[in-house]
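What follows is a short report on a single structure.
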Amino acid sequence: TGNLEQLVLTRVDHLGEIEQRIIRVASAIGRDFSWPLVMTALKMGDKSPDAFSFDGLIDAAPGGQMRFAHALVREAVHEGLLSSNRKAIHLDVATALEASDANDRNAARLAGHFQHGDRPDKTVAYLVRAAAVALEDYDLDEVRRLAERAMTFIDADPDIISDDAFGTLAAIWVRAMEQAGDFAASLHAVKRVLPRLEALGYSQNLSIVRTLAANALTHGRDYVLAEKQAMASLQQAEQHADALGAAWAKAVLMRVYDETFWQDRLEVERLGAEIAPVAEAEGDMHLAMTARYMISTVCRTYGYRKRAL
């Protein structure tokens, strides 16, 4: 591998100065890369790749992309960059991508480039956006990875993220672990984020995080504490006219009462009926499906099989 890397770098060194700059910037993007993005990062306008000679190291690829001839070529070029140059190049790429196409689907890429470019503030901001996309795509393991990466920066510098963005990240992370059915991970996430959320005072994100912590407790059969926490969340949500927070608390109470019989079927169905319009109005399909599932479960428990369908 060392000999191959040296061979590649020798070929790069024999390119023209401009071609060397282009190929080094491209290596920071990946084996497949956007030619316009490279041109933007280098502030070279809209020059065509046909205007340059790369000695077969990069070629045209399908979809208007460009591609390194082999993944090892790209790796050798990127690894051969001096640390300071690599950081500057990634920052140039991040700035160019942000200016040209900063939609949420590019958030993970932007986070990576800004991290390599030593901009932790931008890194965290895009990690939060990327986590939201991953949750929407039901890529729950990716949410976990993105949240943990963000928390590494936040633990080192709490001021790196706004309170609102922190609340968003907290709710996304805990929701993802709850949807994954990993309730130990859910409680771990709650433990990491709850102190700051509570210090900020009431918010919808705080309510949801507390409620999902209560839901995790039901899966550990700690129904007494789960009901206590859900009731407290419900009371606070109603005091703050937070319909979504209240609806989530009711969803946990549905589970508690279905599994303990502390309340009858009609009470569980009443809670479900109150949740449905809120979930629809807020566009919260996770909440809507949770309520429907619990209604179906309680109907089966009481022998109402047709109503459970």
Side-chain angles (χ1 to χ4, degrees), residues 135 138 140-141 143-144 147 167 170-195 197-198 202-240 242-280 282 284-305 307-309:
L135 180 61
Y138 205 69
L140 306 179
D141 285 338
V143 175
R144 186 201 310 260
I172 289 170
W173 188 10
V174 177
R175 271 182 185 250
M177 297 304 93
E178 194 270 346
Q179 289 185 36
D182 190 341
F183 301 106
S186 179
L187 290 173
H188 166 74
V190 170
K191 185 177 180 180
R192 296 278 301 276
V193 302
L194 197 56
L197 288 179
E198 289 182 330
Y202 186 83
S203 68
Q204 187 174 91
N205 287 325
L206 171 61
S207 179
I208 290 174
V209 166
R210 281 176 169 169
T211 298
L212 293 180
N215 187 57
L217 290 172
T218 67
H219 289 272
R221 303 294 186 264
D222 191 347
Y223 298 113
V224 172
L225 185 55
E227 183 190 34
K228 181 180 179 181
Q229 290 190 3
M231 289 295 293
S233 293
L234 176 59
Q235 184 178 32
Q236 279 200 322
E238 290 178 340
Q239 287 174 350
H240 289 84
D242 178 4
L244 183 61
W248 268 106
K250 291 174 183 177
V252 175
L253 291 173
M254 289 178 72
R255 179 177 293 278
V256 171
Y257 298 149
D258 172 56
E259 296 184 9
T260 63
F261 299 99
W262 291 347
Q263 297 287 345
D264 63 18
R265 172 184 60 83
L266 294 177
E267 174 62 10
V268 177
E269 289 187 333
R270 181 189 69 79
L271 291 169
E274 292 176 355
I275 291 169
V278 176
E280 182 177 353
E282 296 286 342
D284 193 331
M285 292 304 298
H286 178 199
L287 175 61
M289 294 304 296
T290 298
R292 289 172 188 164
Y293 172 77
M294 291 311 307
I295 289 175
S296 177
T297 298
V298 76
C299 286
R300 287 197 302 271
T301 299
Y302 282 88
Y304 294 88
R305 295 190 177 183
R307 295 185 64 181
L309 297 178

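None of the values given here were measured: they were computed from a predicted structure.
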Per the salt bridge (Lys or Arg N to Asp or Glu O under 4.0 Å) rule, what does the pair list look like for residues 244-254, sequence neighbours excluded? Lys250-Glu274
For the student: nearest non-hydrogen atoms of Ser186 and Leu212, plus distance: OG-O, 4.3 Å
N-O pairing of Glu178 and Arg175 below 4.0 Å: no
Can you find a pair of side-chain heavy atoms, one from Leu244 and one from Asp284, that are under 4.5 Å apart? yes
For residues Leu271 and Glu267, determine if any side-chain heavy atom of one lies less than 4.5 Å from a side-chain heavy atom of the other. yes
Under 3.5 Å, is there a donor on one side chain and an acceptor on the other for Arg292 and Ser296? no
Where do Val268 and Asp258 come nearest, in terms of heavy atoms and distance? CG2-N, 4.3 Å
Applying side chain to side chain contact (heavy atoms under 4.5 Å, CB included), run through Arg255 and Tyr293 and close with a yes or a no. CA-CA 10 Å; Arg255 179 177 293 278; Tyr293 172 77; 4.3 Å; yes
Going by heavy atoms in the side chains, are Ile275 and Thr290 under 4.5 Å from each other? no
Can His240 and Gln204 be counted as having a side-chain donor-acceptor contact under 3.5 angstrom? no
Nearest atoms (heavy-atom pairs only) where Val143 meets Trp173: CG1-CA, 4.2 Å
Main chain of Ser207, side chain of Tyr202: is a donor-acceptor contact present, judged purely on distance under 3.5 Å? no
Testing the basics here: between Thr218 and Glu259, what is the closest heavy-atom pair and its distance to 0.1 Å? O-OE1, 4.1 Å
State, to 0.1 Å, how close Leu140 and Ala176 come at their nearest heavy-atom pair, and which atoms those are. CD1-O, 3.7 Å
Is the closest side-chain heavy-atom distance between Arg144 and Asp141 below 4.5 Å? yes
Pair Asn215-Trp248, side-chain donor/acceptor within less than 3.5 Å: no
Dump the intermediate steps for side chain to side chain donor-acceptor pair (under 3.5 Å) on Asp264 and Tyr257, then the final yes or no. CA-CA 7 Å; Asp264 63 18; Tyr257 298 149; over 6 Å; no
Nearest heavy-atom approach of Pro195 to Lys191 is CD-O, 3.4 Å
Check the pair Met254 / Glu269 against side chain to side chain contact (heavy atoms under 4.5 Å, CB included), numbers first and verdict last. CA-CA 8 Å; Met254 289 178 72; Glu269 289 187 333; over 6 Å; no
Return yes when atom CD of Glu282 has more than 12 non-hydrogen atoms of other residues, nucleotides or ligands closer than 6.0 Å, and no otherwise. yes
Listed partners of Glu198 passing salt bridge (charged side-chain N to carboxylate O under 4.0 Å, His left out), at least two apart: Arg210
Give, for atom CG of Leu225 and atom CG of Leu217, the distance between the pair rounded to the nearest 0.5 Å. 5.0 Å
What verdict does the side chain to side chain contact (heavy atoms under 4.5 Å, CB included) test give for Val209 and Leu194, after you've listed the backbone C-alpha separation in whole Å, the side-chain angles of each residue and the deciding distance to 0.1 Å? CA-CA 8 Å; Val209 166; Leu194 197 56; 4.2 Å; yes
